[in-house]
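The structure appears right after this line, and notes come after that.
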There are 2 protein chains.
Amino acid sequence: MATTYRDIKADLLHQITQGQLPPGSTLPNEVELAATYGCARATVNRAMRELADDGFIERRRKAGSRVRDAPVRQARFTIPVTRQEVADLGATYSYALVSRDVAPAPDRLRARLGLAAQDHLLHLVCMHYADGAPYQYENRWINLSATPDAAHFDFAQSGPNEWLIAQVPFTDVQISFHAVPADATLAAHLDCAAGDALFQVERTTRLDRQAVTFVQLSYRPGHRMTTQY
Amino acid sequence: MATTYRDIKADLLHQITQGQLPPGSTLPNEVELAATYGCARATVNRAMRELADDGFIERRRKAGSRVRDAPVRQARFTIPVTRQEVADLGATYSYALVSRDVAPAPDRLRARLGLAAQDHLLHLVCMHYADGAPYQYENRWINLSATPDAAHFDFAQSGPNEWLIAQVPFTDVQISFHAVPADATLAAHLDCAAGDALFQVERTTRLDRQAVTFVQLSYRPGHRMTTQY
DNA sequence: AACGCCATTATATCCAGACAAATGTGCCAG
DNA sequence: CTGGCACATTTGTCTGGATATAATGGCGTT
């Protein structure tokens with residue numbers, strides 16, 4: 001009988017979801033579990049550590065491991081590259097650069113990104129299409145103080161997202177999801193009516209506190225962002 | 001010099017974010033790294049496994065470990081209980097049950113949840129308020145075949161979310177985020193105009209393939225869901 | 001009664017070695 | 001040239017042991 005950490009994890013999880021180990025109860029300690037499963041303590045440790053990572057149990061030295069009252073389950077989702085996202089739909093991806101200019105940061109962005117007054121931003125507006133139909137409107141600002149190379153790259157052929165991912169390291173990301181009514185500009189580009197409800201993602205990317213880029217992605221009406229765990 | 005798996009993880013991560021290990025490059029294998037860091041292979045293994053879990057590298061037996069092209073950086077966020085979500089805003093939470101009835105599953109839900117024709121659902125509509133103003137409209141169906149106890153609980157005082165979390169185990173969750181225009185019902189409950197863009201979350205919860213509950217949460221206009229990593 | 005110190009205990013991490021599983025690579029036969 | 005098989009390499013996991021670290025609960029002192 002091979003007892004793997006997966007077996008132990010599955011067994012404990014089963015006991016939790018079936019109610020033999022109700023919320024709040026304390027699990028046996030690692031030594032006891034190792035004895036009952038007939039394996040090394042490290043194996044039990046890995047199983048329990050993963051259960052803790054997954055939010056099912058809470059572990060404290062000396063106090064032992066308790067089943068969480070409310071599983072603090074976390075959804076994880078991947079931040080897709082639009083080209084890939086469209087390809088995964090089985091559609092043909094195409095891209096267009098709408099506008100490009102360099103300007104000092106508008107006040108609201110300065111505040112949001114924590115930029116100095118003299119910092120200049122590269123402002124790009126791009127469209128992404130799926131099978132020729134508008135898919136996503138990308139409104140992006142790139143901090144030229146953090147990424148001077150971006151000024152010399154012409155984003156006519158491919159989107160800034162792909163370039164940035166390949167060229168610029170980052171450490172922190174902040175994301176916001178929300179719904180907005182389409183304004184005239186969005187309506188024109190996404191081929192929808194003004195006032196239509198659009199799903200929007202805003203993302204700020206930083207490298208060690210310094211803002212690298214801020215992007216606002218507006219999706220065509222009806223877009224759904226889905227995740228599973 | 002104590003080399004912990006955290007040190008190794010931090011060092012490798014630093015090399016990745018600083019560009020010494022560009023996307024697509026191959027990392028040294030575990031044995032080599034163990035030698036350079038002067039520690040056991042298990043320690044290197046743990047560091048690299050966590051980097052892989054976090055989406056920074058990709059590991060394949062025999063092929064080695066590669067830095068991911070597009071860091072499949074995953075946003076993790078917690079699924080909040082509305083009461084807590086409102087409290088975190090510094091607002092006073094209140095709750096009201098709008099309607100409650102038991103009925104066979106409508107076709108679209110049957111398909112979505114994989115229910116049999118004879119399965120009955122408890123349908124609850126609830127409102128959540130922050131400082132007395134509408135915050136969230138909750139439209140929930142509970143599978144009474146999976147959770148018969150729900151039929152005997154009166155949700156007049158507190159929301160089904162809190163009850164379900166405490167009473168019903170689950171294993172799988174599927175979430176969708178999107179934007180919808182407010183219909184007449186939503187507009188009335190959320191105190192906004194019909195057609196306003198609303199952020200909506202749909203969540204299906206299962207226990208071992210069997211659907212437990214499906215909920216549609218519609219937030220007041222302007223709501224933002226934010227995460228950071 | 002309040003406070004702080006310390007032994008106890010459970011988890012956290014590490015080590016060195018071993019075997020298992022997967023999967024590129026290259027050789028060989030057809 | 002092609003398909004398939006053996007092999008080498010790399011990661012995946014387990015063992016059984018060790019030390020480190022944190023937290024609790026009791027004990028003694030003030």
Side-chain angles (χ1 to χ4, degrees), chain A residues 1-16 20-69 71-72 74 76, chain B residues 1-16 20-69 71-72 74 76:
Chain A
M1 175 201 75
T3 315
T4 73
Y5 80 93
R6 286 169 195 279
D7 294 333
I8 298 174
K9 185 179 174 185
D11 185 55
L12 291 176
L13 195 48
H14 193 256
Q15 291 190 44
I16 292 171
Q20 283 113 353
L21 289 170
S25 61
T26 303
L27 279 71
N29 70 37
E30 296 189 354
V31 177
E32 289 175 48
L33 284 174
T36 61
Y37 287 110
C39 67
R41 194 174 76 88
T43 306
V44 172
N45 180 276
R46 171 133 188 219
M48 293 180 83
R49 179 157 40 79
E50 292 204 358
L51 285 174
D53 285 346
D54 294 348
F56 290 103
I57 68 177
E58 199 172 12
R59 315 194 73 193
R60 283 207 334 276
R61 279 164 154 134
K62 158 77 180 174
S65 304
R66 282 176 47 251
V67 179
R68 292 192 97 110
D69 283 339
V72 183
Q74 296 176 320
R76 310 181 83 186
Chain B
M1 176 200 74
T3 316
T4 72
Y5 81 92
R6 287 171 194 279
D7 295 333
I8 298 174
K9 186 179 173 184
D11 185 55
L12 291 176
L13 195 48
H14 192 257
Q15 291 190 43
I16 292 171
Q20 283 112 354
L21 288 170
S25 61
T26 303
L27 279 72
N29 69 38
E30 296 189 354
V31 176
E32 289 175 47
L33 284 175
T36 60
Y37 287 109
C39 67
R41 191 173 76 93
T43 306
V44 172
N45 180 276
R46 170 132 187 218
M48 293 180 84
R49 178 156 41 80
E50 291 203 359
L51 285 174
D53 285 345
D54 293 349
F56 291 103
I57 67 177
E58 198 173 14
R59 316 194 72 194
R60 282 203 338 274
R61 281 163 155 139
K62 160 75 182 176
S65 303
R66 276 176 50 251
V67 179
R68 294 192 95 112
D69 279 341
V72 180
Q74 294 167 323
R76 298 184 87 180

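Bear in mind that the values here come from a model prediction, so they are computed numbers and not experimental data. Below, each value reflects all heavy atoms present in this structure, side chains not excepted, and no hydrogens, waters or symmetry copies. By convention in this document, chain letters (A, B, ...) are assigned in the order of the sequence lines, proteins followed by strands, and residues within each chain are numbered from 1.
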Length of the [atom1]-[atom2] vector between [X] and [N], whole Å:
| X | N | atom1 | atom2 | answer |
| --- | --- | --- | --- | --- |
| B:Arg60 | D:dG12 | CZ | C1' | 15 Å |
| A:Asn29 | C:dT8 | CG | C1' | 13 Å |
| A:Arg59 | D:dT24 | CZ | P | 15 Å |
| A:Glu30 | C:dC14 | CD | C1' | 14 Å |
| B:Glu32 | D:dT9 | CD | P | 12 Å |
| A:Glu50 | D:dT13 | CD | C1' | 12 Å |
| A:Asn45 | D:dG17 | CG | P | 17 Å |
| B:Asp7 | C:dT13 | CG | P | 12 Å |

Does a side-chain N or O from [X] land closer than 4.0 Å to OP1 or OP2 of [N], or not?
| X | N | result |
| --- | --- | --- |
| B:Thr4 | C:dC14 | yes |
| B:Thr43 | C:dC15 | yes |
| A:Ser65 | C:dT11 | yes |

Using side chain to side chain contact (heavy atoms under 4.5 Å, CB included) as the criterion, point out the one residue from A:Leu33, A:Asn45, A:Thr36, A:Thr3 that pairs with A:Ile8.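 Among A:Leu33, A:Asn45, A:Thr36, A:Thr3, the one meeting side chain to side chain contact (heavy atoms under 4.5 Å, CB included) with A:Ile8 is A:Thr3.
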Which of these passes side-chain hydrogen bond (donor to acceptor under 3.5 Å, both in side chains) with B:Tyr37: B:Thr43, B:Thr4, B:Asp11?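 Single pass found, and it is B:Asp11.
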Under 3.5 Å, is there any donor-acceptor pair linking the side chain of B:Arg41 to the base of D:dG12?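 Per atom types, the contact qualifies.
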So, does the side chain of A:Arg61 form a donor-acceptor pair with the base of D:dT21 at under 3.5 Å?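 Check passes, donor-acceptor contact within cut-off.
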When the nearest nucleotide of DNA chain D is assigned to A:Cys39 and to A:Ala63 on a heavy-atom basis, which residue is associated with the more 5' position?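 So the residue in question is A:Cys39.
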Determine whether the side chains of B:Thr26 and B:Arg66 contain a donor N or O and an acceptor N or O closer than 3.5 Å.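 Judged by distance alone, the side chains do not pair up.
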A:Leu27 side chain near A:Met48 side chain, heavy-atom distance below 4.5 Å: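 Yes, side chains in contact.
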Quick one: are B:Phe56 and B:Leu13 in side-chain contact, heavy atoms under 4.5 Å?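 Yes - at least one pair of side-chain heavy atoms lies under 4.5 Å apart.
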